[in-house]
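So the structure is just underneath, and the comments pick up after that.
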Amino acid sequence: MSTDLVIKEIRRFLASETAEVLCIKGKWGVGKTYAWRRYLGEAQAQKTLKAKSYSYASLFGLNSLDDLRFAIFEGKVAPEKALTGPDVESIRGLFDMGTTVGRKGRSLIGPIMSAFGQGDLGDAIAKSAFLLVRDQLVCLDALERAGEGLKQRDVLGLASFLKEQRNCKVVLLLNDAAMETDEQKEFERLLEKVVDVSLVFEPTAAEAAAIAVVEGQPIGERLRKATTTLGVSNIRVIKKIERLSLRLAELLAPFRVEVLDQAIGTCALAGWAVLEPDHAPDLDFLRTYNSIVMAMRDPGDLAAGAAEAVKWCDLLSALPFTMADDFDLVIFDGIKAGYFDEARLLAEAAKLAETFRRGARDSAFDLAWKRYHHSLAVDDNEILDGLVAGARACLADISPLNMSGTLQLLREYGRDAEADALIPDYVAALPHERGWFDLSNHHFGEEDPIDPELAAAFAERLKAIPDDRDPEAVLLDIASGGWNDPDEALLGKLTADEIEAMFLAAEGPNLRRIVQSAMNVARHETESGRALRAALTTALTRIAETSPLRARRLRNWGFTPPAPPAPGL
């Protein structure tokens with residue numbers, strides 16, 4: 001059923017004075033309750049709501065018909081409080097009404113106190129309270145989640161009673177797909193006898209975005225476009241993404257509009273991945289996704305299981321998302337945690353703003369790749385020439401992954417000479433920082449290996465830049481995680497004297513951590529690992545020989561001094 005027709009029918013129902021039962025079905029999360037509240041609020045604001053009072057009752061956890069009757073009574077409010085629900089004033093009003101119920105003005109103070117856990121609610125009192133429920137609008141939500149003691153047929157009977165005997169309008173919100181098959185058949189049979197109008201709420205992504213994202217928000221248009229492109233139709237998910245997006249908009253207010261545009265798109269993509277994992281690409285896949293690298297893949301050559309990722313490429317190609325940069329990764333982490341690291345976010349936003357200022361995001365290199373992805377009319381040589389020219393125009397702004405993908409495409413079509421000529425110019429244009437040339441800092445994987453010539457150039461450049469890091473700081477980092485080849489190479493250059501001095505100078509809990517980290521690296525059968533092992537053994541043996549207590553502590557940390565040579569040898 002068209003969502004427009006569903007909305008039109010809800011509006012008609014709210015504006016009508018006729019007692020009737022409306023049923024709205026839909027899967028969990030599609031936004032039945034949210035949509036109902038939105039159009040109830042709309043009718044309230046426009047004063048088209050005809051009901052004299054309103055009650056909302058969720059059946060989740062209710063175990064008897066008396067529980068439900070009292071929940072309807074307890075939730076009774078005036079039309080102007082339909083969205084805010086009961087408060088002290090409305091409770092006082094119920095109490096005043098209760099004094100007129102029953103012989104000799106019997107009071108309903110018992111049920112009122114029971115609502116606050118102050119008394120015992122008996123069946124007779126609950127029924128007395130229910131006498132006050134008439135001529136009102138009643139919403140019964142989550143029928144499929146009622147307790148075992150409350151049967152659906154009893155709920156439908158109560159809905160019919162409210163309509164026929166109490167002149168009430170009743171709306172039922174439910175997910176009938178969650179019911180057991182036999183239970184569902186019986187429920188549908190009874191539903192036909194009770195319900196006047198039955199609707200199926202199943203909005204498209206565009207309809208869900210239009211319902212969930214309020215008009216007039218500064219991020220509204222951006223967010224609706226992003227969730228619609230992704231095909232997110234779960235209103236609950238959209239609302240959670242909206243909350244995170246509004247927080248990003250608040251934090252990024254000082255920056256260029258392009259920064260916020262990217263943030264909202266990334267937030268929608270990551271939010272969808274985290275909140276709907278069964279329908280969205282995995283967040284780890286998004287972290288390593290690269291449109292240029294994916295364009296180089298032949299689906300027939302993918303390893304087992306990797307083909308699953310290919311289905312997301314067409315979807316991602318419709319977004320302004322070619323790969324996750326450092327700014328995107330901060331947002332990914334924030335979405336997963338539920339909050340953002342503000343300092344890190346603002347630092348990366350400043351870098352991104354500078355990139356936009358230089359126009360690097362609309363560079364000749366990006367435009368060349370867009371021609372490859374988005375046009376079949378362009379000649380092959382024109383595309384390849386454009387890639388070479390675009391790369392040369394933007395050397396300092398191209399990531400190693402994207403450069404590697406470009407080189408591989410050039411080689412595939414016989415342009416090895418041009419690919420080789422790009423490499424030294426690219427390496428020379430990159431920042432003079434060791435981290436740039438450490439391949440472990442980039443997201444190359446088995447499916448997307450780096451171009452061999454580019455890897456060799458990076459290795460040479462890495463050797464040429466002195467590694468002036470503090471060995472103790474490196475060992476502490478290793479204690480918190482793993483290590484890479486440059487870490488091992490740095491430690492392998494240490495002399496026994498340097499290691500001994502470092503250990504003797506260290507104090508506190510870090511001492512044990514750096515000693516054990518060094519021993520872990522020294523177990524590696526590599527040139528650097530063996531060099532470290534020799535120097536480390538000498539340094540620790542010297543320390544152990546200075547006193548029995550030092551030797552004891554080193555043994556507890558895993559170091560056993562080598563046995564002395566046999567006499568006479």
Check: Under 4.5 Å between any side-chain heavy atoms of I423 and D451, yes or no?
Finding: yes
Check: Quick one: does T266's side chain get under 4.5 Å of F327's, heavy atoms only?
Finding: no
Checklist line | Heavy-atom pair of closest approach, residues L494 and P471 | finding: CD2-CG, 3.8 Å
Item checked: Contact list for residues 232-250, test side chain to side chain donor-acceptor pair (under 3.5 Å), sequence neighbours left out -> Y34-K239, Q217-E242, K239-E242, R247-E250, R247-E342
Next item on the list: Apply the test salt bridge (charged side-chain N to carboxylate O under 4.0 Å, His left out) to residues D333 and R344: give CA-CA distance (whole Å), side-chain angles for both, the deciding distance (0.1 Å), then the verdict.
Entry: CA-CA 11 Å; D333 291 342; R344 186 176 160 217; 2.9 Å; yes
Checklist line | R256 side chain reached by L352 side chain, heavy atoms, under 4.5 Å | finding: no
Margin query: Determine whether a donor-acceptor pair (N or O, by modelled atom type, separation under 3.5 Å) exists between the side chain of R38 and the backbone of I211.
Written below: yes
Next item on the list: Taking all non-hydrogen atoms of both residues into account, name the closest pair between P431 and F437 and its distance.
Entry: O-CE1, 3.4 Å
Check: Okay, side chain of E488, backbone of S528: is any donor-acceptor separation there less than 3.5 Å?
Finding: no
Check: Checking side chain to side chain contact (heavy atoms under 4.5 Å, CB included) against F365, which of L395, V388, T406, D397 comes through?
Finding: T406
Would you list the atom pairs, donor with acceptor, under 3.5 Å between side chains in residues 512-520 and any protein atom, with sequence neighbours excluded?
from	atom 1	to	atom 2	distance (Å)
R513	NH1	N510	OD1	3.3
R513	NH2	S480	OG	3.2
Q516	NE2	W557	O	3.3
S517	OG	L475	O	3.1
S517	OG	A479	N	3.4
S517	OG	R513	O	2.8
N520	OD1	R523	NH1	2.4
N520	ND2	Q516	O	3.3

Checklist line | Distance-minimising heavy-atom pair for C267 and I335 | finding: SG-CD1, 3.6 Å
Checklist line | E498, CD atom: more than 12 neighbouring heavy atoms under 6.0 Å | finding: yes
Note to self: For F201 and L173: C-alpha separation, side-chain torsions, deciding distance, then whether side chain to side chain contact (heavy atoms under 4.5 Å, CB included) applies.
What the structure shows: CA-CA 10 Å; F201 189 64; L173 307 179; over 6 Å; no
Notebook entry, point to check: Distance only, no hydrogens: is a donor on one side chain within 3.5 Å (strictly under) of an acceptor on the other, for T546 and R550?
Noted result: yes
Checklist line | Polar contact flag, side-chain donor to acceptor under 3.5 angstrom, E207-T3 | finding: yes
Checklist line | Sub-4.5 Å side-chain heavy-atom contact between F321 and Y289 | finding: yes
Checklist line | Test log, rule side chain to side chain contact (heavy atoms under 4.5 Å, CB included), inputs L286 and D328 | finding: CA-CA 10 Å; L286 295 177; D328 296 322; over 6 Å; no
Margin query: Is it the case that the side chain of T541 and the backbone of T537 share a donor-acceptor pair, with hydrogens and angles ignored and the cut-off at 3.5 Å?
Written below: yes
Notebook entry, point to check: Is there a side-chain contact between E527 and L532, using heavy atoms and a 4.5 Å cut-off?
Noted result: no
Next item on the list: List the steps, then state whether salt bridge (charged side-chain N to carboxylate O under 4.0 Å, His left out) holds for D487 with R469.
Entry: CA-CA 9 Å; D487 294 337; R469 293 177 296 164; 2.6 Å; yes
Notebook entry, point to check: Within a radius of less than 6.0 Å around CG of D485, do more than 12 heavy atoms belonging to other residues, nucleotides or ligands occur?
Noted result: no
Next item on the list: Spell out, as yes or no, whether a donor-acceptor pair under 3.5 Å connects the side chain of E418 to the backbone of L384.
Entry: no
Check: So do the side chains of I383 and Y413 get within less than 4.5 Å of each other, counting heavy atoms only?
Finding: no
Next item on the list: Check whether any side-chain heavy atom of L536 lies under 4.5 Å from a side-chain heavy atom of L540, and answer yes or no.
Entry: yes
Check: Taking all non-hydrogen atoms of both residues, which atom of I398 and which atom of M403 are closest, and how far apart?
Finding: CG2-N, 3.6 Å
Notebook entry, point to check: Yes or no on side chain to side chain contact (heavy atoms under 4.5 Å, CB included) for L252 and Q262, after CA distance, side-chain angles and deciding distance?
Noted result: CA-CA 11 Å; L252 299 174; Q262 180 170 329; over 6 Å; no
Checklist line | salt bridge (charged side-chain N to carboxylate O under 4.0 Å, His left out) evaluation trace for D420 with R411 | finding: CA-CA 9 Å; D420 290 340; R411 296 189 193 285; 2.8 Å; yes
Item checked: Check: D467 and L462 side chains under 4.5 Å, non-hydrogen atoms -> no
Next item on the list: Indicate the atoms forming the closest heavy-atom contact of V213 with G220, along with that distance.
Entry: CG1-CA, 3.6 Å
Checklist line | ring pair (Phe, Tyr, Trp, His ring centres under 6.0 Å) against H279, all qualifying residues, sequence neighbours excluded | finding: none
Check: Does K32 use its side chain to pair, donor to acceptor, with the backbone of G26 at less than 3.5 Å?
Finding: yes
Margin query: Looking at E525, I want to see if its CD is surrounded by more than 12 non-hydrogen atoms of other residues, nucleotides or ligands under 6.0 Å.
Written below: yes
Next item on the list: Dump the intermediate steps for salt bridge (charged side-chain N to carboxylate O under 4.0 Å, His left out) on E348 and K351, then the final yes or no.
Entry: CA-CA 5 Å; E348 294 301 336; K351 295 177 185 177; 3.5 Å; yes
Note to self: If you compare all heavy atoms of A419 against all heavy atoms of L407, which two are closest, and at what distance to 0.1 Å?
What the structure shows: O-CD2, 3.4 Å
Margin query: Working note: D261 + V257, criterion side chain to side chain contact (heavy atoms under 4.5 Å, CB included); need CA distance, chi angles, decisive distance, verdict.
Written below: CA-CA 6 Å; D261 287 341; V257 68; 4.2 Å; yes
Check: Should we count CZ of R530 as having more than 12 external heavy atoms under 6.0 Å?
Finding: yes
